Structures are given as C-alpha cells and as structure tokens.
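Residue indices begin at 1 and follow the sequence shown. As the structure is a prediction and not an experimental result, all values here were calculated from the model.
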Amino acid sequence: MSRSLQQNAVVEQPAITPVVAELAARFAAEGKRLYLVGGSVRDAVLGRPTNDFDFTTDARPAEIQGILSGWSDAQWDTGIAFGTVGASKHGEIIEITTFRADVYDGVTRNPEVTFGDNIDGDLVRRDFTVNAMAFDVAAREFVDPTGGLQAARDGVLDTPATPQESFGDDPLRMLRAARFVSQLGFTPAPRVVEAMRSMAGELTRITPERVQVELSKLLCGAHPRRGIELMVETGLADVVLPELTAMKLEIDEHHQHKDVFDHSLVVLEQAIDLEDVDHSPDLVLRIAALLHDIGKPATRKFESGGGVSFHHHEVVGAKMVRKRLRALRYSKEITEDVAKLVYLHLRFHGYGNGEWTDSAVRRYVTDAGDLLTRLHKLVRADCTTRNKRKANLLRRTYDSLEERIARIAAEEDLARVRPDLDGNEIMKLLGLPPGREVGAAWKFLKELRLDRGPLDRDEAEAALLDWAREQGITPPAR
C-alpha cells in the first residue's frame, strides 16, 4: 500500500468498541493477532455504516475458546467445524474464525476446511479485493495484500485471484458480483464480466435457496437496475431467472420503450422512488415491479396494422410468478403477494375517466386487501410514457380513484368488508346446520355488500330470504 493510501486509511479506521478493544488486548496477551475482516472493513473505507463485525485470527478454535473463557457472557461452538467460535459480551455478538486456506473440489461450493497460518493467505482466498482487506485491531493497521483499498476508491469490483479461479471455487460469487454492483454501485472489472459470461452455467451447482438470498439482496440494493442488467448481459439470468431475458425480446404495446425489459426496469426504479423513505426496501414491491409484465412473451400477438397486444398477460404473469418464486424457494407469503400484485396491476385501466361504480371501487379495495398500498405504488410506477400530457392525466385519474377509496372507506369501513349478517345469524334465519349452504349464503351476502354497500338488517334479511327461496331452501316460519 502506498504511503498516501496508508495515511488516508488511518482516517477511515473502523470504529472499535470498548468490548472489541478489550478482546484484542486479551488475544495480544496470548501472543495472538485479532483482525477485523470483510464487509465492515470495506464499509469503513467507503464511509458506510455497518453493524456486521467478523474477526479472524491465527489462534486455533480451541485457543479462541480459551481466550474467551471467563470473559464472555456466553459462548457457542455451532460453527467450530469451520473454525468459527461465537460469543457475546455486554450485548455485542462476536464471531471469530481461524485463518482459512480452504481447497474447493470444483463440484460443490463447499470447501475442504483447512486452517491457515497468516492473514495474507486468508485474504487472498476471499471473493473480491474490496472484501479482502483486514484491520489489525491491536496495532490499528490495515492489511491489504490484493489492492482492495484502491479498488474501493475507484469503485471497481475485481477478484484477488483470476475470476476463473474464484468463480470455479464458488460459482455463487458471480451472483454476489451482481449483488455488490447493486449495493455499492461498483463497476465490475472487464475480466470479471468476461468470466461471468463464460461460466454462467456453473450456477447450476448452487442451491435455489442460496440463489434466492443473493437475488433478494440485489433487489434491495441502492442500484438494483445495474445488478439486473449485469445478470442479463452475462447470462446469469438465463440460469436463475430466464423470464428476464425473455422480456428483452418483446416490444411494449405503447411503442414508447426499447422493450418490455427496459420498461420493467423503469417501473422498478419508479416503484423504489415511491417507497417510504423511513422504511427498509420493500422486497415484495420490487419483485412485483420487475416481474409485473413477465407474462407478455407468452401472450404476444401481432395485430393487423403493425400493432402488438398482450391480452391477459396479467393472468399468465401471475401463474409464471408463482412457478418461478416457488422454484427459488421464496416463502408462500411473498410468492402469493407478488402474484396478486401482478394479477391486479392492470385492473385500474378499466377505471377510464372515473366510470367505475362504487361497487367496482369496493371490489378493487377488497381484492387488493392488505396489498392496496403496494398496488397503488405499482400502478403509479407502471406509467412510463414520455407523453407528459398523458402521464399527467393518468396521475390525476389515479388521484381521483384514491380519493374515492378514501371517501368510501371512511363511510363504510372498507378495510373489513363483511356480510351484514354473520354465520350464526344466517343459520338461524334459514334454519340451516353448519355446512356448504351456509358458506354459499355468506358469499351471497358479501357480494351483495360489495355491490350495494352496507345494508340495514331488514334489507339484508329480505335479500337473503329471497336468495334462499331461489336456491330451493325453505326458511322456517317466522
């Protein structure tokens, strides 16, 4: 490291808590070194906040346990097979790993764990140079054998060894590259891009669960568009999310965008702009924005006169979303929420200039349920026309819909649209035992509630009795 970089690095030292300083002193007293490594060092160099602290040391696991013994409030050894010992002290969680010099088998991403003897050897086996820096806690010095500090300054993502070696050891690192491009805004080195392009097929070695974790982190980054574009450019998307690449082939029906893929990226960016600034990134909204037009390739139809249509792509898209997110092992809740948003994202376009009845507004709110706020954001983000007059008209129209929703909600408690009679009242009125007929009656009353709004008890009972007679149900004499 040059003298100027060393001087600057001193200014950017990671914040060391009293607990960590005390721990480093205990290691030093035993003739051992303690280094802060990984993302916390990188983030300190970049001036980013972090609460993720990992340590490495030349002490072997049993020695780590001895140093922590009598000092830590609690200690655990669940990762000791990989050289990691965990502990807590005054509420701070500490994980310390012995230097590693692992060897990979080239088939799985699981290395044969081998302990190393020096910090440089531990660092050069890591994924990227910006993650291959260490900070000697006791000496308060940086260790940077692969030029990570300069790479961080330049905003370049490169590997300590050749990308072919690094990705051959662990193909997940290719997805991590796309994730770091999203999170940090870095530019991957040309050799990294070329290796990703030629080795994308190696991702088949990675479990869907690990792919899902990296994809979620990418989407929740500050620059998800960059990460997604890198995935498509290099062919990673062909392996883990092929629907993205398919969208590049489809021309948007409004002819205002290069293709549906580009339109979807714009929608993603606009949805992010609508997120609540005080909350963490909304993964469900971001996935829905990216995949809202996933059904267009399968529904494309060339119309006479040169037009292109994608009828019912929201229906097809919702099914495709379920299939893909299940394959990536997303939770049932996330899968269903995204699928519902995709299914509903076109509903608003039937609103016209406000022609919907109050019944239609109630159904819109009821069908969206807890996703209504996200649906509002997705629909607004989906307006990507460059025609300012048209964009303003769409915005004003949706404003009017939201105002109608607010008015009806205030009058009718739309958040809890239920029949005007409950199940017990239905059974008593119709003389029915619990069963399917009661469920059908309940559904009828709910549909009536959506159509006509709240009814008083006499109206609800009269309507239910009329319905029952039509169904061949004879209510008891009153």
Side-chain angles (χ1 to χ4, degrees), residues 178 182 215-216 218-233 237 241-277 281-300 308-318 320-321 324-325 334 337-351 368 371-388 390-399 401-402:
S182 170
L215 183 60
S216 296
L218 183 159
L219 286 171
C220 290
H223 313 279
R225 176 171 187 151
R226 298 186 195 179
I228 293 163
E229 288 177 329
L230 180 61
M231 285 181 59
V232 171
E233 174 192 352
L241 198 56
E243 295 83 359
L244 287 180
T245 306
M247 287 194 289
K248 286 183 67 67
L249 305 178
E250 310 307 321
I251 305 300
D252 185 84
E253 70 266 35
H254 302 300
H255 303 289
Q256 296 294 321
H257 305 281
K258 179 180 178 181
D259 52 34
V260 174
F261 175 68
D262 184 68
H263 163 74
S264 299
L265 293 180
V266 174
V267 173
L268 171 62
E269 291 177 319
Q270 294 185 164
I272 291 171
D273 289 339
L274 294 172
E275 288 179 342
D276 298 330
V277 294
D282 188 337
L283 177 62
V284 167
L285 177 63
R286 294 188 182 199
I287 298 175
L290 179 64
L291 301 182
H292 74 285
D293 279 344
I294 192 176
K296 281 188 172 179
T299 58
R300 179 177 61 171
V308 181
S309 66
F310 303 95
H311 296 306
H312 305 300
H313 74 268
E314 75 281 11
V315 178
V316 174
M320 294 175 66
V321 160
R324 176 54 54 194
L325 296 191
I334 289 177
D337 283 353
V338 174
K340 182 181 283 191
L341 288 171
V342 171
Y343 179 75
L344 293 174
H345 84 275
L346 281 186
R347 179 81 65 85
F348 160 71
H349 293 285
Y351 186 71
L371 296 173
L372 182 62
T373 299
R374 284 182 172 128
L375 182 59
H376 288 332
K377 294 175 182 178
L378 178 59
V379 172
R380 290 183 180 277
D382 196 24
C383 176
T384 59
T385 177
R386 296 184 180 92
N387 184 318
K388 291 184 178 181
K390 184 176 180 182
N392 288 333
L393 177 61
L394 285 169
R395 183 167 55 252
R396 288 196 301 270
T397 302
Y398 205 82
D399 286 344
L401 174 58
E402 288 204 60

Step by step, work out the side-chain contact (heavy atoms from CB on, under 4.5 Å) result for His313 and His345. CA-CA 10 Å; His313 74 268; His345 84 275; 3.6 Å; yes
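- Separation of atoms CG (Asp399) and CD (Glu402) is listed at 6.5 Å; rounding is to 0.5 Å.
- Atom CD1 of residue Ile334 and atom CG of residue Leu325 lie 8.5 Å apart, to the nearest 0.5 angstrom.
- Between Ala368 and Lys340, the shortest heavy-atom distance links the atoms O-CD, 4.1 Å.
- With a 6.0 Å radius and a threshold of 12 heavy atoms from other residues, nucleotides or ligands, Phe348 has its CZ atom above the threshold.
- Here the shortest heavy-atom pairing between Cys383 and Gln270 reads O-NE2, 3.2 Å.
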Should Leu401 and His376 be marked as a side-chain contact (heavy atoms from CB on, under 4.5 Å) after you check the CA-CA gap, both sets of side-chain angles, and the distance that decides it? CA-CA 10 Å; Leu401 174 58; His376 288 332; 5.8 Å; no
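- Under the 4.5 Å side-chain criterion, counting only non-hydrogen atoms from C-beta, His263 is in contact with His292.
- Among Leu274, Asp273, Ile272, the one residue that satisfies the side-chain contact (heavy atoms from CB on, under 4.5 Å) test with Lys377 is Leu274.
- You'll find the side chain of Asp262 stays beyond 4.5 Å of the side chain of Lys248, heavy atoms only.
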side-chain contact (heavy atoms from CB on, under 4.5 Å) between Leu291 and Met320: does it pass, once the steps are laid out? CA-CA 9 Å; Leu291 301 182; Met320 294 175 66; over 6 Å; no
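- Within the 4.5 Å cutoff, the side chain of Val260 has heavy atoms near those of the Ser264 side chain.
- Across Phe261 and Leu244, no two heavy atoms sit closer than the pair CD1-O, 3.7 Å.
- Closest heavy-atom contact between Val267 and Asp382: CG2-OD1, 3.7 Å.
- The two residues Leu371 and Asp337 make their nearest non-hydrogen contact at CD1-O, 3.5 Å.
- Note that CG of Leu218 is 12.0 Å distant from CZ of Arg226, once rounded to the nearest 0.5 Å.
- Look at Arg347 and Glu314 and you find no salt bridge, because none of the NZ, NE, NH1 or NH2 atoms lies under 4.0 Å from a carboxylate O.
- A donor-acceptor pair under 3.5 Å links the side-chain atoms of Asn387 to the main chain of Lys390, judged by distance alone.
- Atom CZ of residue Arg380 and atom CG of residue Leu375 lie 11.0 Å apart, to the nearest 0.5 angstrom.
- One N or O on the side chain of Glu275 and one on the backbone of Asp282 form a donor-acceptor pair closer than 3.5 Å.
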Go through the steps to decide whether Arg374 and Leu378 satisfy the test side-chain contact (heavy atoms from CB on, under 4.5 Å), and finish with yes or no. CA-CA 6 Å; Arg374 284 182 172 128; Leu378 178 59; over 6 Å; no
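- Separation of atoms CG (Leu285) and CG (Leu290) is listed at 11.0 Å; rounding is to 0.5 Å.
- Considering CE of Met247 and CG of Leu265, their distance stands at 7.5 Å, rounded to 0.5 Å.
- By the neighbour-count criterion of 12 heavy atoms within 6.0 Å, atom NE2 of His349 is densely surrounded, having more than that number from other residues, nucleotides or ligands.
- Minimum heavy-atom separation, Pro281 to Cys220: CG-O, 3.5 Å.
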